[in-house]
Amino acid sequence: MKKTEKDMRDILNQDIHISDTVETRIQETYSQLGKRNVRRRKAGSVRKIAAAIAAVCLFVPGVVYASSKTEFFQAMFGNETRESNGVLEREVDTGKEGKDAKVTVTLPSREYVPVDEEQAEKEIGAYVSEEPIVKKAGSHTLTINSFVYDKNGAMMYFTLEREGGVTAFTGDKDTNLTKGAYFTEDADFYFNCETKNGAFGAENTYIDMEKSTNGKFYCYSYILWNEPLKDGDVPELMFETYPCAKRELDEKTKTKTERIRLTSKAPVPVRKIDMGEKGYLEYSPIALSVDMAKGMGLSKEEAADPYYLESIEVVYKDKETYVVCNKEKNVENSSYQLGAGTYYKTVFNRLVDVDEIERIVVNGVEFAVK
């Protein structure tokens, strides 16, 4: 008998005790294989399931991998739990009183597409963190499941849970279409992403309304840095806790702040197209940054105003296109946008295959990939 066969039989004859985390991964693997509602089994059944999954991993490497990265790829780039929409009209609360309390706004169309997980693994798999970061804040538990970043932007997949219902954070279908989820006045903690060198991460957080429950939110945060990260500048979670609710804070309130390194992985490499005064642009599979002061025919003041960004389109070698945004046609296929000085930055709402890009067109100016 071969040693590997003997090892497998030894495994089958053992009483294997698995953790809840492993049980979850088993469930995820069954989900990927198309088998739903697999219930917790007795030790003997668990032993067979564990061995079967081990066999799949041994003999079909790279085909089935129930990992946090798989979940991350679907969460940040996929369309399994979110739907595309056409142009919409919504009444938005202005925070004012009387007749100005609400205003009708036109929301752009958005398109979400399936994610190719093998492509995602190739493009950014080596840069995605998989070690969960768990923080308790009063009755809430925050878990950072995965994080990936480049010098211009980042993506963070996290859950927030509380027995009896999450009260510190809120969001719904409307916030997913507009300003994103936010902390409530009941919150006794706050967090955001920063770096030691002072770069700050502005963000838009999408709550997965299909997966989330009252007691557990699944959140996808799309982040853009207010300034490019320098070499060696690693993102940190700035985690602040209060002795009271946010609404009760004043200048005398003593708060506690922790800084937690978000990842040990390197940043996703960024490519650049430098045409001198005719244009400058940086891009990666997750984000893009363009200097609006070069080649756009704008003054310095206009270049610093995101209003003057009209359109961004990624054209691939096979002539397929990804319209990131087009104001005239009311299209917005990005997850977040930010004006930072004369730079306009955006986080994509799908994975971009950088090796297949032929050119990127911004406000009609072509940035050819050489």
Side-chain angles (χ1 to χ4, degrees), residues 20-21 24-25 27-32 34 36-37 66-85 88 90 107-117 120 124 128-130 132-135 137 140-149 153-184 187 191-193 201-224 237 262 286-287 332-336 347-351:
D20 289 340
T21 299
T24 299
R25 296 300 177 219
Q27 297 289 339
E28 290 172 354
T29 298
Y30 266 89
S31 177
Q32 290 178 52
R36 308 292 177 178
N37 301 320
S67 72
S68 59
K69 280 197 292 186
T70 295
E71 196 171 352
F72 177 78
F73 296 150
Q74 285 295 343
M76 308 308 295
F77 302 112
N79 65 344
E80 287 188 352
T81 61
R82 64 183 100 190
E83 295 181 354
S84 302
N85 63 267
L88 302 171
R90 287 284 190 276
L107 302 178
S109 66
R110 286 180 171 85
E111 181 188 27
Y112 298 104
V113 300
V115 59
D116 183 330
E117 292 183 17
I124 64 170
V128 177
S129 67
E130 293 184 89
I133 298 171
V134 182
K135 291 298 299 179
H140 286 80
T141 300
L142 168 70
T143 303
I144 309 296
N145 296 289
S146 298
F147 182 86
V148 68
Y149 75 106
M155 295 178 173
M156 183 169 71
Y157 169 38
F158 68 92
T159 60
L160 189 62
E161 53 191 309
R162 176 181 176 272
E163 187 176 351
V166 175
T167 59
F169 203 62
T170 189
D172 54 28
K173 290 182 179 179
D174 285 339
T175 62
N176 283 344
L177 292 171
T178 54
K179 60 185 178 182
Y182 56 93
F183 287 91
T184 70
F191 61 85
N192 67 274
C193 298
E203 53 75 32
N204 180 71
T205 298
Y206 180 99
I207 295 183
D208 191 324
M209 302 306 296
E210 185 171 315
K211 292 177 66 174
S212 298
T213 63
N214 183 52
K216 186 172 184 178
F217 289 176
Y218 289 80
C219 305
Y220 315 144
S221 193
Y222 301 91
I223 300 162
L224 288 166
L237 186 75
L262 276 165
I286 66 172
E332 188 61 71
N333 289 322
S334 66
S335 294
Y336 188 46
V347 184
F348 301 132
N349 78 341
R350 65 199 64 176
L351 187 75

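A quick note: this is a predicted structure, and the numbers were derived from the prediction, not measured.
For an aromatic pair to be called close, the ring centres must be under 6.0 Å apart, and Phe147 with Phe158 fails this.
Judged by distance alone, with hydrogens and angles left aside, the side-chain atoms of Ser212 form no donor-acceptor pair with the main-chain N or O of Met209 at under 3.5 Å. Panel note: side chain Tyr222, backbone Met76; a donor-acceptor pair is recorded below 3.5 Å. Side-chain atoms of Asn176 never come within 3.5 Å of backbone atoms of Gly171 as a donor-acceptor pair (strictly under, hydrogens ignored). For the pair Arg162 (side chain) and Asn214 (backbone), a donor-acceptor distance under 3.5 Å is absent. Without hydrogens or angle criteria, Thr143 side chain to Thr159 main chain gives no donor-acceptor distance under 3.5 Å.
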- Item | side-chain contact (heavy atoms from CB on, under 4.5 Å) between His140 and Phe169, worked out | CA-CA 10 Å; His140 286 80; Phe169 203 62; over 6 Å; no
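Shown here for Glu111 and Ser84, the closest heavy-atom pair between the two residues is CA-OG, 3.4 Å. Here the closest heavy-atom approach between residue Cys193 and residue Ile223 is recorded as SG-CD1, 3.7 Å. Closest non-hydrogen pair, Thr184 versus Thr167, comes out as OG1-O, 2.6 Å.
With sequence neighbours left out, the ring pair (Phe, Tyr, Trp, His ring centres under 6.0 Å) criterion links Phe348 to Tyr322. The ring pair (Phe, Tyr, Trp, His ring centres under 6.0 Å) search around Tyr220 returns Tyr157, not counting sequence neighbours.
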